[in-house]
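What follows is one structure encoded as structure tokens, with my remarks underneath.
Quick caveat: nothing in here was measured; it's all calculated off a predicted structure. FYI, side chains are in, hydrogens and waters are out, and symmetry mates aren't considered; it's all heavy atoms of this structure. Both counts, for ligands and for their atoms, begin at 1 and track the order of listing.
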Amino acid sequence: MPLTNQIFEKHIPPGLFEIVQKITEGIRIKTEEGLLLYEKAPLSLLGLLAHDIRVKKNGQETYFLRNIHIEPTNICKHECLFCSYNHRYAGFGWELTPEEILGKIEKEAKNALEVHITGGVHPDRDIYYYASMIKGIKNIRPDIHIKAFSAVELDDMITQSGMNLADGLQFLKDHGLDSIPGGGAEIFDSVLRKKICGDKSTAERYLEIHTNAHQLGISSNATMLYGHFENTEQRIHHLDLLRQTQDITGGFNAFIPLKFRNKNNKLSQLQETPLTDDIRIFAFSRIFLDNFKHIKAYWPMLGKSHTQMLMNFGVDDIDGTIEDSTRIYSLAGSEEQNPSMQIEEFINFVRQAGFIPVERDSLYRKLKVYDE
Ligand code: V47
Ligand code: SF4
């Protein structure tokens with residue numbers, strides 16, 4: 001028997017052989033098969049399968065971009081139990097004025113190709129305020145890509161305006177909105193969603209907003225918040241709804257598993273997931289989401305060394321330089337208290353992990369491949 005077969009024979013647990021075979025042949029696995037694989041496969045096997053898919057889709061390349069974040073406010077109507085950022089839990093609030101936001105674009109976004117704008121759902125700000133903010137940004141930097149407003153922020157501003165979803169999204173697009181970040185997905189299971197963030201947009205609404213956006217040519221990312229109360233079935237259910245939506249629209253650029261961080265929020269009593277769970281979730285996502293081109297590890301949340309390791313378990317995108325412009329994860333206890341990496345550092349960081357750094361734009365067009 002060839003050596004490879006012997007190795008497989010020894011390390012594929014009973015009942016998984018057909019599933020592994022399907023994956024290696026590029027055939028989609030069902031949710032029940034996913035569940036078996038998730039629970040029974042050794043991490044090394046999951047890693048090998050995920051890495052093989054990563055290489056088939058993206059070779060040895062790992063993407064990053066020059067970006068900054070703008071968080072206009074942390075004042076928020078909602079009370080998600082996992083949030084450390086909301087003014088009530090952070091113990092302080094901020095509201096940037098339009099002048100302050102434009103000032104940041106002028107001063108801090110000189111090298112950035114993308115600005116990621118997201119924040120709390122402020123009770124007194126409306127779609128006209130946000131539309132004029134992004135229009136102001138485009139006036140200063142017509143070339144910058146604006147990735148803005150989670151589905152929860154969009155739901156609030158569009159519903160309040162009395163517009164329907166398609167009209168609201170088109171209105172924002174006409175003012176400069178280019179794409180939508182993945183925030184607000186949390187966990188789609190309705191019972192658990194009620195428990196951890198019951199007062200905000202439902203899972204159906206999240207998916208409806210992303211679907212409508214995709215139909216208007218606004219692409220987006222998808223996320224899943226993991227490491228709170230969810231079980232394996234609920235994780236796979238979440239991924240399955242994303243996979244079904246992507247089959248219909250093809251509009252998701254990347255999937256980003258977001259690890260729950262436990263400082264300064266109402267779930268601080270929970271232990272954070274061990275590294276082995278993080279690896280399992282990233283690798284499994286790479287295998288299950290066969291219609292997503294990119295799996296992103298968001299380094300300000302995971303920390304640099306975890307991010308380097310996850311490139312070997314399905315991750316091909318590590319977001320951007322950030323320039324110390326986000327507070328969501330530093331307030332929740334991430335090791336990266338002032339997240340910022342210069343281009344040289346990014347290049348070394350990706351190379352050290354054994355991959356080829358590729359600078360990209362927001363739509364994953366390659367700008368520079370650092371392959372020598
Ligand atoms: O929806 C909030 C999560 C999300 C915590 O699209 C927490 O490129 C962990 O979606 N521990 C917002 N996670 C951020 C987000 C995002 C981030 C980076 C890139 C992109 C992208 C999107 O942050 C929220 C929620 O799921 N979150 N609090 C916490 N304590
Ligand atoms: Fe508000 Fe977002 Fe925090 Fe929920 S996660 S409380 S919607 S800022």
Side-chain angles (χ1 to χ4, degrees), residues 63-65 67-69 71-90 93-94 114-123 145-157 178-188 193 196-201 203 206 210 213 218-228 230 238 252-268 270 272-273 278 292 294-303 307 317-320 322 325-334 336 339 360 362-364:
Y63 290 93
F64 68 95
L65 87 168
N67 65 347
I68 68 156
H69 282 234
E71 296 170 352
T73 182
N74 71 336
I75 295 179
C76 187
K77 292 181 175 175
H78 297 300
E79 299 196 23
C80 306
L81 298 188
F82 50 80
C83 182
S84 319
Y85 168 84
N86 169 325
H87 67 289
R88 274 177 239 113
Y89 312 145
W94 70 80
E114 176 185 284
V115 55
H116 175 158
I117 308 174
T118 192
V121 181
H122 194 292
H145 179 105
I146 301 184
K147 179 174 84 180
F149 314 129
S150 72
V152 174
E153 293 165 88
L154 289 167
D155 188 13
D156 186 77
M157 66 176 94
D178 293 304
S179 68
I180 296 178
E186 322 315 356
I187 193 81
F188 291 152
R193 191 175 181 86
I196 64 167
C197 55
D199 67 349
K200 75 180 185 189
S201 319
Y206 177 95
H210 283 263
I218 305 168
S219 60
S220 68
N221 289 332
T223 58
M224 173 174 75
L225 180 71
Y226 72 87
H228 39 94
E230 83 291 355
H238 189 104
F252 287 120
N253 293 322
F255 174 64
I256 315 159
L258 294 172
K259 175 188 172 91
F260 167 66
R261 307 301 310 241
N262 68 1
K263 298 287 175 304
N264 309 317
N265 55 51
K266 290 201 166 158
L267 297 181
S268 289
L270 298 180
E272 291 181 355
T273 48
D278 302 332
F292 277 64
H294 303 287
I295 302 291
K296 184 193 283 193
Y298 187 58
W299 66 269
M301 167 196 64
L302 289 162
T307 302
D317 180 21
I318 52 172
D319 202 83
I322 313 280
S325 54
T326 174
R327 296 273 76 84
I328 298 182
Y329 290 103
S330 50
L331 287 169
S334 166
E336 303 296 340
R360 65 168 174 89
S362 301
L363 300 175
Y364 290 84

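- Taking each heavy atom of His238 and Ile187 in turn, the nearest pair found is ND1-CA, 3.5 Å.
- For ligand 1, the polar-atom distance check finds an N/O of Lys147 within less than 3.5 Å of one of the ligand's N/O atoms.
- Every N/O-N/O distance between Ala185 and ligand 1 stays at or above 3.5 Å.
- Salt bridge Lys77/Asp156: present, at least one basic N to carboxylate O contact under 4.0 Å.
- Contacts between Asn262 and ligand 1, counted as non-hydrogen atom pairs separated by less than 4.0 Å, are absent for every part of the residue.
- In this structure, Asn221 contributes its side chain and Phe252 its backbone to no donor-acceptor pair below 3.5 Å.
- Across all non-hydrogen atoms, the minimal contact from Ser201 to Asp155 is OG-OD2, 2.8 Å.
- By the 30° and 60° cut-offs, the orientation of the rings of His116 relative to His69 is parallel.
- A salt bridge is defined here as a Lys NZ or Arg NE, NH1 or NH2 lying under 4.0 Å from an Asp or Glu carboxylate O, and Glu186 with Arg193 fails to meet this definition.
- Phe292 and Ala222 make their closest contact through CE2-CB, 4.3 Å (heavy atoms, listed as atom of the first residue, atom of the second, distance).
- Between Leu225 and ligand 1, no pair of N/O atoms sits closer than 3.5 Å.
- Contact detail for Gly184 and Val152: the closest heavy-atom pair is CA-CG2, 3.8 Å.
- Residues satisfying the side chain to side chain donor-acceptor pair (under 3.5 Å) test with Tyr226, not counting sequence neighbours, are Asp278.
- Which of Cys197, Gly184, Ser268 comes nearest to atom 1 (O) of ligand 1 through a heavy atom is settled by distance: it is Gly184.
- Remark: ligand 1 atoms within the under-4.0 Å shell around heavy atoms of Pro181 are 6 (O).
- Taking a cut-off of under 4.0 Å to the non-hydrogen atoms of Asn265, the atoms of ligand 1 that pass are 30 (N).
- Within the 4.0 Å heavy-atom criterion, the part of Glu186 lying near ligand 1 is the side chain and not the backbone.
- Protein N/O/S atoms closer to atom 4 (Fe) of ligand 2 than 2.8 Å number 1 in this structure.
- Within the listing of ligand 1, atoms 19 (C), 20 (C), 21 (C), 22 (C) sit less than 4.0 angstrom from a heavy atom of His116.
- Ligand 1 places these atoms under 4.0 Å from at least one heavy atom of Ile256: 6 (O), 8 (O), 20 (C), 21 (C).
- The pair Arg360-Asp317 meets the salt-bridge criterion, with a side-chain N (NZ, NE, NH1 or NH2) lying under 4.0 Å from an Asp/Glu carboxylate O.
- With contacts defined as side-chain heavy-atom distances shorter than 4.5 Å, the pair His145/Asn67 does not qualify.
- Considering every non-hydrogen atom in both Thr118 and Pro72, the closest pair reads O-CD, 3.5 Å.
- Heavy-atom proximity to Asn221, at under 4.0 Å, picks out these atoms of ligand 1: 6 (O), 8 (O), 21 (C).
- By the 3.5 Å distance cut-off applied to N or O atoms, Arg261 is counted among the residues near ligand 1.
- Atom numbering of ligand 1 starts at 1 in the shown order; those under 4.0 Å from a heavy atom of Leu258 are 3 (C), 4 (C), 10 (O), 15 (C), 23 (O), 26 (O).
- Close approach of ligand 1 to Gly183 is summarised as follows: ligand atoms under 4.0 Å from at least one heavy atom of the residue are 1 (O), 10 (O), 15 (C).
- Between Lys296 and ligand 1, an N or O atom pair is found at a separation short of 3.5 Å.
- Proximity of Thr118 to ligand 1, defined as any heavy-atom pair under 4.0 Å, is not found for any part of the residue.
- Close placement of the Tyr364 and His294 rings is indicated, their centers lying within 6.0 Å of each other.
- Considering both main-chain and side-chain atoms, Cys83 never comes within under 3.5 Å of ligand 1 through any nitrogen or oxygen pair.
- The proximity of Tyr298 to ligand 1, defined as any non-hydrogen pair under 4.0 Å, is limited to the side chain.
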